[in-house]
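Everything on this sheet refers to the single structure shown next.
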Amino acid sequence: AWASYMTNSPTLIVMIFFPARGKTYVSKKLTRYLNWIGVPTKVFNLGVYRREAVKSYKSYDFFRHDNKEAMEIRKRCALVALEDVKAYLLEECGQIAVRLSWTKCGCTSGPVCDSLKHASLPSLQVFFVESVCDDPEVIAANILEVKVSSPDYPERNRENVMDDFLKRIECYKVTYQPLDPDAYDKDLSFIKVINVGQRFLVNRVQDYIQSKIVYYLMNIHVQPRTIYLCRHGESEYNLVGKIGGDSGLSPRGKQFAQALKKFIEEQEIVDLKVWTSQLKRTIQTAESLGVTYEQWKILNEIDAGVCEEMTYAEIEAKYPDEFALRDQEKYLYRYPGGESYQDLVQRLEPVIMELERQGNVLVISHQAVMRCLLAYFLDKSADELPYLRCPLHTILKLTPVAYGCKVETITLNVEAVNTHREKPSLSSTSPPASQTPGRMRRNSFTPRASADTVKRPRHYSVGSKPLDLLGPFPSLE
Amino acid sequence: SPARELTQNPLQKTWEPYDNGLPAGHSAQRGVCMTNCPTLIVMVGLPARGKTYISKKLTRYLNWIGVPTKEFNVGQYRRDLVKKYKSFEFFLPDNEEGLKIRKQCALAALNDVRQYLSEENGHVAVFDATNTTRERRETIYKFGEENGYKTFFVESVCVDPEVIAANIVQVKLGSPDYVDCSNDEATEDFMKRIECYKNSYETLDESLDKDLSYIKIMDVGRSYLVNRVMDHIQSRIVYYLMNIHVTPRSIYLCRHGESELNLKGRIGGDPGLSVRGKEFAKSLAQFINEQNIKDLKVWTSQMKRTIQTAEALGVPYEQWKVLNEIDAGVCEEMTYEEIQENYPLEFALRDQDKYRYRYPKGESYEDLVQRLEPVIMELERQENVLVICHQAVMRCLLAYFLDKPAEQLPYLKCPLHTVLKLTPVAYG
């Protein structure tokens, strides 16, 4: 049997931010990104453990470094958290644990770290993410936006919150030791983010995943902006229920394009970028807007391989095995000679990276593509992704807020066919593979398809049908 | 006004709007990265810090991904002007004549930069010189501003004497400057040359240079300081520079063994190996064993023929879907004769511009390069790797390593049952 390896060593990312430097924001975002690209990641927030231990938060006194009782509680919380980290990385097949901490101590040496590293996870890589800020405006903005809604401050008014929080910061300052690349910490692997991304110091990146994390952190920003996602207008193929292909807009689709133009104008968006795929229907939609747009081949709809330009009824009749397999495992299922949702996510990664870099963007794409992008922004699992609702003639307006993304659904009143297929209720005893914590390796995986993976020619332009199945596929021997 | 009609470009199969029968503007093709205004990359560092190595490599990478880039080595301008190099004394800080000539060369190079970026449709220019004083960098930055270029500095800082000595041996001893000297004489002179710069060297500073965009590479990539990345292309450059290394290693490229469809002269598909193909796989296993390669990684595509080839090696391997052969769309599994018969226009178009030609419902070499970029990035990160792939894919990878332009890429020779062993040396 073929063997593939991609033994990504488990990684512990330690976020050592000062409070109100965006630690939780960055860790959630990073975790969301890593999970989306297929690397199981989980956040272990010491603040949450601490809040469990100390039910009611009295004041910043808890964080004074000379408060012995508090220090004990915090130490215990750290230990519990590290036990959970161990369990996640060892038993639950997690790949990356993100630990939010206030100090690097205990993560590179000491009894706790030793137990992690030497006893059970000898190949554990530790990567530090530190955020430092010397711009007071940035700090103040961050406190107001995020901390006011923190569980620590349920019923206080803004000034008290600010005041208390600033005092909390002062407590940390007494013991806080920033990473020192020139001396003490020169052998650690870390990235130091300065002034929310204005400057970065990167030290000793050890492997692929750390390099991706660095690249990601260097591309995200915190400027307010809006992302609009929508599909092309209804197409000729949509009308007849055919999937894929490269058809043009139907009359209603053209109407939608006009309505979209009006909507965009009303929104009065500053410096809006418009992206389309390289398929006719998205380009036609963009053309109606009368603005410059950029075509991305990687925004093209999922390649349905031999099933291109067929209706679901035709697929079920012609390839019943494929049809059934797809409903079982829609995320991993790859069309013969085509792609899977998992392939699509890999293909779309540069789009996500560029969306992170950009400001206001409108992405006119396709159903499967839009589902993948939406899953990234709304942190949807691989299991939910292929069933996200992305109807025609509907715009999703995404605005980043605090720790997540606000979604507004705007239906432009132009009728269209419904292209959504619900997940059929199957009685299966085992959970689908995409739900089990199997390690999703970076490039290798077994695509879910019937044995027949022969790539067949597609004679669309000649109008002939795909060839019949050529029989069972010989084994790899 | 009604939306414009679309027409499909017959070569690239892309949809373009047209007005009165002529292609109109308004849409842009996202190749891999769009540069809105030209970028001037300015190298900074003492001699023998790898500036030229980085310049050449970066230029090669950017050109491969489709960003027209050119490097301008001021040392070369100096060699063209001052026919015979005498000694390090040319570089003494109080050598008036030397200073005059060096400034002249820098200006001549900048002039050529301007021509390349503003007149010849270049997107990126790499200005390769020591640029070790703030004053010199200020001059160049102003030049960039005047011409509407974005300036990005790349500094290489290294104090490890072993690294510097190794650099000198690799690239300086063979330089035209030292053609008549013994190795010892050359080394001694070069070390004195470095000294000439040291006193006036002003490294990029976190406070003083906080408004500049730059990356400072320390100790050949142990750590990096990155400041104010302005746009997409700078972000890509930073990512690339952070992934390359100089550890000696070899990259082996080969195709799968001969396949059943190869025997029939058919392209594409997902066939298995022929009898001879299986033999090749066995020979490959033997060859790899003999080479005794340390920690070899083996990569294949997700097509049967490369996987079968790897299987014969008996070692773990990694499958990459992006290493799959070029998608020939409607022409999959046809012979070239059948293509010519059924799609004569397509057949002719492909010969006209093989790099940009996209099969109907398929891909072009240009698409392939974009798809393969993560492979190149990971190859840069890795050390010893064997990539078992396909003809078109191998051509793209080879073009990257050997700096072959787009016109030559689709015609590079990559026969079956042949392994290409690539070892980085000096600047290539």
Side-chain angles (χ1 to χ4, degrees), chain A residues 2-6 181 186 198-205 207-208 211 214-215 218-219 246 248 254 257 275-276 278-280 283-284 286-288 290-298 308 337 343 346 350 354 357 441-445 447 453-462 474 476, chain B residues 1 3-4 6 8 13-15 17 25-30 32 34 206 210 222-229 231-232 235 238-239 242-243 268-272 299 302-304 307-308 310-311 316-322 327-334 342 360-361 367 370-371 378 381:
Chain A
W2 62 268
S4 77
Y5 80 101
M6 193 40 211
K186 63 177 168 55
Q198 190 187 86
R199 199 157 74 244
F200 300 90
L201 182 61
V202 180
N203 201 54
R204 291 197 191 276
V205 168
D207 60 14
Y208 169 77
S211 137
V214 163
Y215 186 46
M218 288 177 60
N219 280 318
D246 193 13
K254 289 180 183 163
W275 297 351
T276 70
Q278 279 189 354
L279 292 170
K280 192 175 183 189
I283 299 169
Q284 272 184 313
E287 269 293 311
S288 289
V291 298
T292 319
Y293 55 88
E294 219 179 300
Q295 298 182 13
W296 294 64
K297 184 173 193 272
I298 51 181
E308 279 281 319
D343 294 329
Q346 186 172 32
E354 191 57 17
R357 291 194 52 79
R441 285 183 285 260
R442 177 160 51 97
N443 297 301
S444 350
F445 50 86
T453 56
V454 173
K455 214 166 165 20
R456 270 179 292 279
R458 295 169 297 220
H459 302 293
Y460 320 107
S461 39
V462 183
L476 263 183
Chain B
S1 55
R4 295 177 298 188
L6 295 178
Q8 192 173 42
K13 314 296 187 293
T14 46
W15 291 101
H26 242 211
S27 82
Q29 303 295 335
R30 158 84 49 151
V32 169
M34 294 295 289
E206 273 185 70
K210 66 178 169 54
R222 176 189 54 86
S223 62
Y224 306 88
L225 182 65
V226 180
N227 198 56
R228 290 194 188 270
V229 169
D231 59 13
H232 178 94
S235 142
V238 163
Y239 186 46
M242 288 175 59
N243 280 319
D270 196 11
W299 297 351
Q302 282 189 351
M303 296 182 140
K304 192 180 180 193
I307 298 170
Q308 273 184 313
E311 273 291 315
Y317 55 89
E318 199 183 327
Q319 298 181 14
W320 294 64
K321 185 175 192 277
V322 295
D327 183 352
V330 302
C331 301
E332 279 282 320
E333 294 190 41
M334 295 177 114
N342 290 306
K361 315 294 179 189
D367 294 329
Q370 187 178 16
R371 152 149 88 82
E378 192 56 17
R381 289 194 50 79

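Below, read A as the first sequence line, B as the second, and so on, with proteins coming before strands; counting in each chain starts at 1. On a predicted model such as this, the values are computed, not experimentally measured, just so you know. Only heavy atoms go into these numbers, but all of them, side chains included; no hydrogens, no water, no symmetry mates.
- Note: A/D246 leads A/V214, A/D246, A/V205, A/N219 in heavy-atom pairs under 4.5 Å with chain B.
- With a 4.5 Å cut-off on non-hydrogen atoms, B/D367 touches chain A through its side chain but not through its backbone.
- When side chains are defined from C-beta on, A/K297 does not count as touching B/R371, because their heavy atoms never get closer than 4.5 Å.
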Item to complete: Check step by step if side chain to side chain contact (heavy atoms under 4.5 Å, CB included) holds for B/W15 and A/Q278.
Response: CA-CA 7 Å; B/W15 291 101; A/Q278 279 189 354; over 6 Å; no
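- Taken from NZ in B/K321 to CG in A/D343, the straight-line distance is 4.5 Å, to the nearest 0.5 Å.
- Atom CD of B/E378 sits about 7.5 Å away from atom OG of A/S211, to the nearest 0.5 Å.
- If you measure heavy-atom distances from B/R381 to chain A, the contacts under 4.5 Å come from the side chain alone.
- Contacts between A/R204 and chain B at a heavy-atom distance below 4.5 Å involve backbone atoms as well as side-chain atoms.
- For the pair B/R228 (side chain) and A/R199 (backbone), a donor-acceptor distance under 3.5 Å is absent.
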Discussion item. Using side chain to side chain contact (heavy atoms under 4.5 Å, CB included), reason through A/M218 and B/M242 one step at a time and then give a plain yes or no.
Written reply: CA-CA 12 Å; A/M218 288 177 60; B/M242 288 175 59; 4.2 Å; yes
Discussion item. Between B/S235 and A/R357, does the side chain to side chain contact (heavy atoms under 4.5 Å, CB included) criterion hold? Intermediate values first, please.
Written reply: CA-CA 9 Å; B/S235 142; A/R357 291 194 52 79; 3.4 Å; yes
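- Residues that satisfy the ring pair (Phe, Tyr, Trp, His ring centres under 6.0 Å) test with A/Y215, not counting sequence neighbours, are B/Y239.
- Using a 4.5 Å cut-off between heavy atoms, B/L225 touches chain A through backbone and side chain atoms alike.
- Using a 4.5 Å cut-off between heavy atoms, B/N227 contacts chain A through both its backbone and its side chain.
- Using a 4.5 Å cut-off between heavy atoms, B/Q8 contacts chain A through its side chain alone, with no backbone atom that close.
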